[in-house]
Engineer: 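One structure is given below, represented as structure tokens, and several questions about it will come after.
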Amino acid sequence: MRFYLKFSVIAMLLVAAISINAMLEYNTVLNNRDGSSYEARIYFMNKYGYFQNVPNWSHGYGYTAFLFYPPLFAFFSIPFYALTGSVMSSYAAIMIFFSVAAVAMIYVLRKMVGMDKLQALFLGLFFFFNPFAISRFYRTGRVSEQLGWLFFIAAFFLIIYYKDRRLDRKFFYIYGVVSALALLSHTANFIMITVILAGLFLYKHKREWVPIIGSFLLGIILSSFWWVPFVVSEGDYLLSTDQFMNKTVIESFPKNILFQSTAILIPIAALSLIFLYYRKEGGIRNGLFLSMVSLPIALFLFRLTPYIPIVNRMGTGFFFVYPLFVGAYYMLKTGYDRRTEKIMGACVLAVSVGMVLFTGVFYPTMHEVDFRTCPEYNMSKTFFPEIDGTYEILPTSGYCRHTAIAYATIFHDLNTTGNWHPEAAPKALEERRLSLFSAVEDANCTGIKAITEYLSIEYLIGKDDDCVSMESCGLQEAGKEGSFCMFRV
């Protein structure tokens with residue numbers, strides 16, 4: 001196996017180099033996926049601070065920075081922003097820092113779980129630079145989840161270390177702090193490590209249940225400064241409505257053949273590797289522990305995740321990434337006979353080479369998330385410097401509209417009644433915005449005037465038919481760029 005792992009590590013170092021090179025490009029471009037929302041939040045953290053009122057979004061109704069999103073990644077951006085003074089440079093820096101720090105952490109903590117240097121390098125590089133991680137962390141730009149996985153792995157290693165050792169005060173305090181950091185990074189990572197902690201609970205004797213429960217509660221208490229306001233306020237926002245939850249359920253099912261096939265093959269492969277480990281180790285208590293490790297994978301394999309409260313908010317991509325980590329970990333920890341070891345090693349090498357080829361072929365897709373490829377980019381450059389009041393962008397398809405909102409925030413400090421995340425908008429505001437969109441679509445001039453006055457909107461930006469409607473209602477045209485138009489109300 002070591003022969004194959006050596007070549008696999010070399011292959012994955014190449015993938016890591018390609019990925020980091022792509023991340024460096026975010027130093028100068030705005031990410032046209034989820035990344036632009038994180039870039040806007042970095043701007044909020046460094047201009048307004050944590051949990052401060054932000055006038056830029058949901059203007060007139062109040063938008064509290066990080067009320068509905070874990071803040072830890074943005075705290076990490078502060079020193080980088082102090083050095084560079086650039087949101088995009090800070091975003092690129094923390095993305096690279098989180099990846100390198102995570103691989104280094106696995107390498108440093110390898111002895112806790114009985115791994116050698118080669119195995120630790122393989123696990124770190126494979127997990128943080130596999131095609132799904134590249135797509136989810138770097139292309140889509142989910143830096144908070146990227147950070148959350150770092151603390152998930154730290155907590156996972158700690159649980160494995162103490163699985164066959166007596167729990168002590170070190171476990172209590174370290175797990176409590178690490179789980180709190182996981183929750184402040186990404187709620188999905190916290191949920192997943194809590195499931196594995198439940199496995200430890202089932203594994204241990206009753207006399208050790210108290211420190212396990214206590215460490216969980218300690219993490220909850222340490223992170224309460226963030227999640228308590230979130231829970232208390234959620235009912236006033238669209239995030240809590242059936243409309244948002246139904247949307248999440250629908251999006252939890254992969255649509256195309258590639259995702260449908262990998263959504264079956266990856267969980268089956270991970271469950272098979274866990275089973276091989278269990279068959280080698282045996283034991284009822286091991287079975288109980290591994291059943292909890294396997295539970296999230298099985299739920300996703302049988303498409304049950306959309307119907308479980310809280311879990312249905314975690315999104316599909318998370319359930320692609322989790323099986324890759326636990327599958328790779330238990331593959332490395334299982335002792336095989338010589339024949340099986342050769343087969344497993346050849347599979348590992350084939351997957352690693354495939355990762356290099358896949359990354360090379362699909363490297364150009366990293367540039368598809370460059371905001372400059374959007375028609376909204378030229379619109380933003382033309383319209384936003386001329387705006388001196390509150391604006392609203394009428395709905396268009398895709399991410400570009402959301403990224404335009406981030407662009408207006410970061411580069412022009414403009415205020416909008418809109419929001420990158422409509423689900424985090426106050427219900428009353430979102431209802432009126434939807435009424436405005438309908439009024440423009442129907443050319444309801446009275447409705448447009450009444451709603452824009454009520455929301456204090458001074459500029460409306462639309463496209464194609466929206467332009468015709470606003471012109472027919474006698475609004476004053478303030479600019480035109482391609483198929484986009486801007487009218488002063």
Side-chain angles (χ1 to χ4, degrees), residues 19-57 63-105 128 133 136-152 154 177-178 180-190 222-223 225-227 229-230 369-371 402-403 405-413 419-421 424:
S19 302
I20 291 173
N21 181 65
M23 285 184 258
L24 287 170
E25 296 185 22
Y26 288 134
N27 184 53
T28 56
V29 302
L30 204 61
N31 178 284
N32 185 44
R33 288 294 187 274
D34 294 4
S36 62
S37 72
Y38 296 105
E39 289 169 313
R41 290 186 180 106
I42 289 173
Y43 176 80
F44 293 153
M45 176 62 80
N46 287 279
K47 179 172 182 179
Y48 300 105
Y50 173 71
F51 222 67
Q52 299 300 307
N53 182 60
V54 174
N56 303 88
W57 293 356
Y63 178 87
T64 303
F66 303 101
L67 176 61
F68 289 118
Y69 208 85
L72 191 57
F73 81 93
F75 281 115
F76 273 97
S77 76
I78 293 174
F80 294 107
Y81 189 86
L83 288 172
T84 65
S86 166
V87 167
M88 292 184 293
S89 296
S90 303
Y91 173 73
I94 62 172
M95 186 179 286
I96 295 170
F97 174 73
F98 292 162
S99 296
V100 174
V103 175
M105 181 198 71
F128 283 94
R136 190 160 179 81
F137 301 157
Y138 317 133
R139 186 176 183 273
T140 305
R142 291 176 171 267
V143 289
S144 61
E145 184 182 328
Q146 184 187 2
L147 178 62
W149 279 112
L150 186 153
F151 293 115
F152 168 90
V177 170
V178 173
L181 293 172
L183 180 53
L184 294 171
S185 300
H186 199 278
T187 51
N189 294 104
F190 174 79
L222 291 175
S223 57
F225 71 91
W226 172 71
W227 66 261
F230 166 66
V369 299
D370 184 344
F371 181 48
H402 297 291
T403 309
I405 292 173
Y407 181 97
T409 301
I410 295 168
F411 293 101
H412 298 283
D413 196 31
N419 189 323
W420 205 105
H421 297 277

Engineer: Please test Phe51 against Thr64 for side-chain contact (heavy atoms from CB on, under 4.5 Å), starting from the C-alpha separation and ending with a verdict.
Structural biologist: CA-CA 6 Å; Phe51 222 67; Thr64 303; 4.1 Å; yes
Engineer: Atom CD1 of Ile42 and atom CZ of Phe80: how far apart are they, to the nearest 0.5 Å?
Structural biologist: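 Output value for this atom pair is 10.0 Å.
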Engineer: Taking the six-membered ring for Trp, are Phe225 and Tyr50 parallel (under 30°), tilted (30 to 60°) or perpendicular (over 60°)?
Structural biologist: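 Judged by the thresholds at 30° and 60°, the geometry between Phe225 and Tyr50 is perpendicular.
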Engineer: Looking at OG of Ser90 and OH of Tyr26, how far apart are the two atoms once the value is rounded to the nearest 0.5 Å?
Structural biologist: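 If I round to the nearest 0.5 Å, the distance is 16.0 Å.
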Engineer: Look up atom OG in Ser86 and atom CD1 in Ile410, then write down how far apart they are to the nearest 0.5 Å.
Structural biologist: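 Rounded to the nearest 0.5 Å, the OG-CD1 separation comes to 9.0 Å.
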Engineer: Can I get a per-line list of side-chain donor-acceptor pairs under 3.5 Å for residues 65-76, giving both atom names and the distance, sequence neighbours left out?
Structural biologist:
{"unit_1": "Tyr69", "atom_1": "OH", "unit_2": "Tyr38", "atom_2": "OH", "d": "2.4"}
{"unit_1": "Tyr69", "atom_1": "OH", "unit_2": "Ser144", "atom_2": "OG", "d": "2.8"}

Engineer: Say you draw a straight line from CG of Asn31 to OH of Tyr91; how long is it, rounded to the nearest 0.5 Å?
Structural biologist: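 Asn31 CG to Tyr91 OH: 4.0 Å, rounded to 0.5 Å.
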Engineer: From Trp420 CH2 over to Thr403 OG1, what is the distance, rounded to the nearest 0.5 angstrom?
Structural biologist: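 It is 6.5 Å, given to the nearest 0.5 Å.
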Engineer: Test Ser89 against every option in Thr84, Thr28, Asn27 by the side-chain hydrogen bond (donor to acceptor under 3.5 Å, both in side chains) rule and name the one that passes.
Structural biologist: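 The residue from Thr84, Thr28, Asn27 that satisfies side-chain hydrogen bond (donor to acceptor under 3.5 Å, both in side chains) with Ser89 turns out to be Asn27.
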Engineer: Provide the full list of salt bridge (charged side-chain N to carboxylate O under 4.0 Å, His left out) pairs with a residue in residues 37-47, sequence neighbours left out, each pair given once.
Structural biologist: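 Pairs touching residues 37-47 that pass the test: Lys47-Asp413.
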Engineer: Below 30° counts as parallel, above 60° as perpendicular, anything between as tilted: where do the rings of Tyr43 and Tyr48 land?
Structural biologist: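 Plane angle over 60°, so perpendicular.
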Engineer: Provide the full list of side chain to side chain donor-acceptor pair (under 3.5 Å) pairs with a residue in residues 71-82, sequence neighbours left out, each pair given once.
Structural biologist: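 Residue pairs passing side chain to side chain donor-acceptor pair (under 3.5 Å), neighbours aside: Asn46-Ser77.
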Engineer: State, with a plain yes or no, whether a side-chain heavy atom of Phe151 is found less than 4.5 Å away from one of Val177.
Structural biologist: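 No; the side chains remain at least 4.5 Å from each other.
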Engineer: What's the spacing between Asn419 CG and Ile405 CD1 if we round to 0.5 Å?
Structural biologist: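 One gets 7.0 Å once the value is rounded to the nearest 0.5 Å.
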Engineer: Quick one: sort the Phe152 and Trp149 rings into parallel, tilted or perpendicular, breaks at 30° and 60°.
Structural biologist: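 Taking Trp149 first and then Phe152, their aromatic rings stand perpendicular (interplane angle over 60°).
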Engineer: What pair of heavy atoms forms the shortest contact from Gln146 to Met95, and how long is it?
Structural biologist: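 For Gln146 versus Met95, the nearest heavy atoms are NE2-O, 2.8 Å.
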Engineer: Which residues pass the side chain to side chain donor-acceptor pair (under 3.5 Å) test with Thr409, not counting sequence neighbours?
Structural biologist: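 By the side chain to side chain donor-acceptor pair (under 3.5 Å) rule, Thr409 matches Trp57.
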Engineer: Does any part of the side chain of Tyr138, heavy atoms only, come nearer than 4.5 Å to the side chain of Val369, both counted from C-beta?
Structural biologist: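 No, every pair of side-chain atoms sits at 4.5 Å or beyond.
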Engineer: Can you name the ring pair (Phe, Tyr, Trp, His ring centres under 6.0 Å) partners of His186, sequence neighbours left out?
Structural biologist: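 Once residues adjacent in sequence are excluded, His186 has no partner under the ring pair (Phe, Tyr, Trp, His ring centres under 6.0 Å) criterion.
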Engineer: What residue pairs, at least two apart or across chains, pass salt bridge (charged side-chain N to carboxylate O under 4.0 Å, His left out) with a residue in residues 71-82?
Structural biologist: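 Found none.
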Engineer: Would you check if Phe137 and Phe98 make a side-chain contact, meaning some heavy-atom pair closer than 4.5 Å?
Structural biologist: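 Side-chain contact under 4.5 Å: no.
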Engineer: Using the side-chain contact (heavy atoms from CB on, under 4.5 Å) rule, take Asn56 and Phe44 through it: C-alpha gap first, then chi angles, then the decisive distance, then the call.
Structural biologist: CA-CA 9 Å; Asn56 303 88; Phe44 293 153; 3.8 Å; yes
